[in-house]
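This report concerns only the one structure given below.
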Amino acid sequence: MGTTFPGWSERASDFYVGLEADNSKNYWTRNRAVYDTEVLAPMRALLDDLSAEFGEGRIFRPNRDIRFSADKSPYKTSIGAMLGQGHVEFSARGLGTGAGCHMLASDQLTRLRAAVADDATGPRLEAIIGDLEASGIDVTSHDRLATAPRGYAKDHPRIELLRNKDLVARKHWDPTTPWLRSPETVDHVVAVLRAARPLVQWLDENVGPTATEGRR
């Protein structure tokens with residue numbers, strides 16, 4: 001596929017190594033030009049290359065919301081973006097991408113658990129997850145219960161899935177991966193997002209958007 005994305009440079013990685021060591025306005029101001037040219041511009045190019053197939057991307061702001069956090073570090077130590085139900089994130093630790101549902105509202109979580117428990121939709125989800133894991137893509141949750149959710153038996157055959165509060169297919173590459181420095185990165189991101197489509201479709205069919213507050 002045609003691409004304008006040049007790859008992530010060593011300067012992009014070094015920027016985040018430095019930001020982790022000195023997360024201050026002084027560091028950010030001194031290195032803003034590096035962020036703009038080596039971090040932000042490549043992410044914009046990557047999203048442009050992906051937009052025709054996966055939708056318009058949205059880059060998250062670099063500033064952290066510290067209003068209710070004990071950690072007052074002002075800047076995020078990664079650049080992240082959403083495109084449709086997919087995401088891409090770059091940091092000093094490499095590149096991650098994937099798709100799924102995150103931060104479910106209560107009505108979405110209720111539907112997720114019901115679909116996992118159902119003897120028709122639950123096994124189909126297990127098969128989708130099995131295919132993803134066989135291809136080297138992890139399926140994880142950002143938050144899990146320590147035990148069974150209320151109303152479900154602790155010995156349910158899909159109890160491990162029932163404990164999840166969300167569900168995301170994700171692949172991560174460490175910063176030494178050679179092709180991260182090249183346009184070939186686009187092909188690897190595309191492959192993961194395409195592989196995650198059955199999971200996204202299952203979530204669309206069985207969870208869907210929230211009728212209350214919250215977001216997918």
Side-chain angles (χ1 to χ4, degrees), residues 47 50-51 53-60 65 68-69 76 78 80-91 93-174 187-216:
L47 295 180
L50 298 171
S51 62
E53 182 171 351
F54 301 102
E56 184 178 355
R58 178 174 65 88
I59 300 174
F60 298 129
D65 185 351
F68 308 107
S69 174
K76 298 171 184 174
S78 65
M82 295 295 296
L83 60 162
Q85 288 165 294
H87 68 271
V88 182
E89 182 179 52
F90 177 80
S91 72
R93 291 167 178 75
L95 177 69
T97 189
C101 61
H102 178 45
M103 294 179 64
L104 295 180
S106 59
D107 62 320
Q108 292 176 299
L109 183 55
T110 297
R111 292 193 295 273
L112 173 63
R113 288 173 176 162
V116 168
D118 186 271
D119 287 336
T121 51
R124 185 154 63 90
L125 176 61
E126 287 182 307
I128 291 169
I129 292 173
D131 289 343
L132 285 165
E133 292 178 340
S135 67
I137 299 172
D138 295 326
V139 179
T140 63
S141 175
H142 290 85
D143 194 9
R144 286 168 56 83
L145 293 176
T147 186
R150 183 177 300 176
Y152 294 94
K154 293 181 180 180
D155 61 350
H156 190 283
R158 288 178 292 281
I159 187 59
E160 292 304 312
L161 285 174
L162 283 168
R163 290 169 56 200
N164 293 334
K165 291 188 176 182
D166 52 20
L167 209 56
V168 176
R170 192 171 194 276
K171 178 82 174 179
H172 181 267
W173 300 277
D174 68 51
D187 295 329
H188 291 272
V189 172
V190 166
V192 173
L193 294 177
R194 286 176 178 169
R197 278 176 173 156
L199 176 62
V200 171
Q201 183 177 2
W202 187 95
L203 291 166
D204 284 343
E205 293 173 354
N206 295 285
V207 179
T210 179
T212 57
E213 294 184 356
R215 60 185 178 89
R216 287 289 299 274

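Because only heavy atoms are used, hydrogens play no part in the values below, and waters and symmetry mates are left out as well, while side chains stay in. What you see is a predicted model, and the numbers here were worked out from it, not measured in a lab.
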In Å and rounded to the nearest 0.5 Å, what is the [atom1] to [atom2] distance from [X] to [Y]?
| X | Y | atom1 | atom2 | value |
| --- | --- | --- | --- | --- |
| Lys165 | Asp143 | NZ | CG | 4.5 Å |
| Met103 | Gln108 | CE | CD | 11.0 Å |
| Asp131 | Glu126 | CG | CD | 12.0 Å |
| Glu160 | Ile129 | CD | CD1 | 11.5 Å |
| Leu132 | Lys171 | CG | NZ | 11.0 Å |
| Ile159 | Thr147 | CD1 | OG1 | 6.5 Å |

Short side-chain to backbone donor-acceptor contact, [X] and [Y], under 3.5 Å:
| X | Y | result |
| --- | --- | --- |
| Asp138 | Thr140 | no |
| Thr210 | Ala105 | no |
| Asp174 | Gly94 | no |
| Asn206 | Trp202 | yes |
| Ser141 | Asp166 | yes |
| Arg170 | Gly100 | no |
| Asn164 | Leu167 | no |
| His172 | Gly96 | no |

Subject >> Derivation and outcome, salt bridge (Lys or Arg N to Asp or Glu O under 4.0 Å), residues Glu53 and Arg197 >> reply: CA-CA 12 Å; Glu53 182 171 351; Arg197 278 176 173 156; 2.8 Å; yes
What is the minimum heavy-atom distance between [X] and [Y], and which atoms define it?
| X | Y | value |
| --- | --- | --- |
| Ala99 | Leu199 | O-CD2, 4.1 Å |
| Asp65 | Ser69 | O-CB, 4.3 Å |
| Pro198 | Ala195 | CD-O, 3.2 Å |
| Gly55 | Leu83 | O-CB, 4.0 Å |
| Phe60 | Met82 | CZ-CG, 3.1 Å |
| Gly86 | Leu193 | CA-CD2, 4.2 Å |

Original post:
Is the number of heavy atoms from other residues, nucleotides or ligands within 6.0 Å of CD (Glu56) greater than 12?
Top reply: no
Subject >> Arg93 atom CZ: more than 12 heavy-atom contacts under 6.0 Å >> reply: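 No, CZ of Arg93 has 12 or fewer neighbouring heavy atoms, counting only those of other groups under 6.0 Å.
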**OP:** Taking the side chain as every heavy atom from C-beta outward, state whether Phe54 and Val190 have any pair of such atoms under 4.5 Å apart.
**Re:**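 Phe54 vs Val190: side chains touch.
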Subject >> Side-chain touch Val189/Leu95, heavy atoms, less than 4.5 angstrom >> reply: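 When only atoms from C-beta onward are counted, Leu95 and Val189 do touch, with a gap below 4.5 Å.
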Are any of the side-chain nitrogens in [X] or [Y] under 4.0 Å away from the carboxylate oxygens of its partner?
| X | Y | result |
| --- | --- | --- |
| Asp119 | Arg158 | yes |
| Glu205 | Arg111 | no |
| Lys76 | Glu89 | no |

**OP:** For His87 and Val168, run side chain to side chain contact (heavy atoms under 4.5 Å, CB included): C-alpha distance rounded to whole Å, both residues' side-chain angles, the deciding distance at 0.1 Å, then the answer.
**Re:** CA-CA 10 Å; His87 68 271; Val168 176; 3.7 Å; yes
**OP:** Decide yes or no on side chain to side chain contact (heavy atoms under 4.5 Å, CB included) for Leu109 and Ser106, but give the supporting numbers first.
**Re:** CA-CA 5 Å; Leu109 183 55; Ser106 59; 5.7 Å; no
**OP:** Assign the ring pair Trp173 / His188 to parallel, tilted or perpendicular, where the plane angle (0 to 90°) is split at 30° and 60°.
**Re:** perpendicular
Subject >> Asp204 side chain to Gln85 side chain, donor-acceptor N/O pair below 3.5 angstrom >> reply: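 Short answer, yes.
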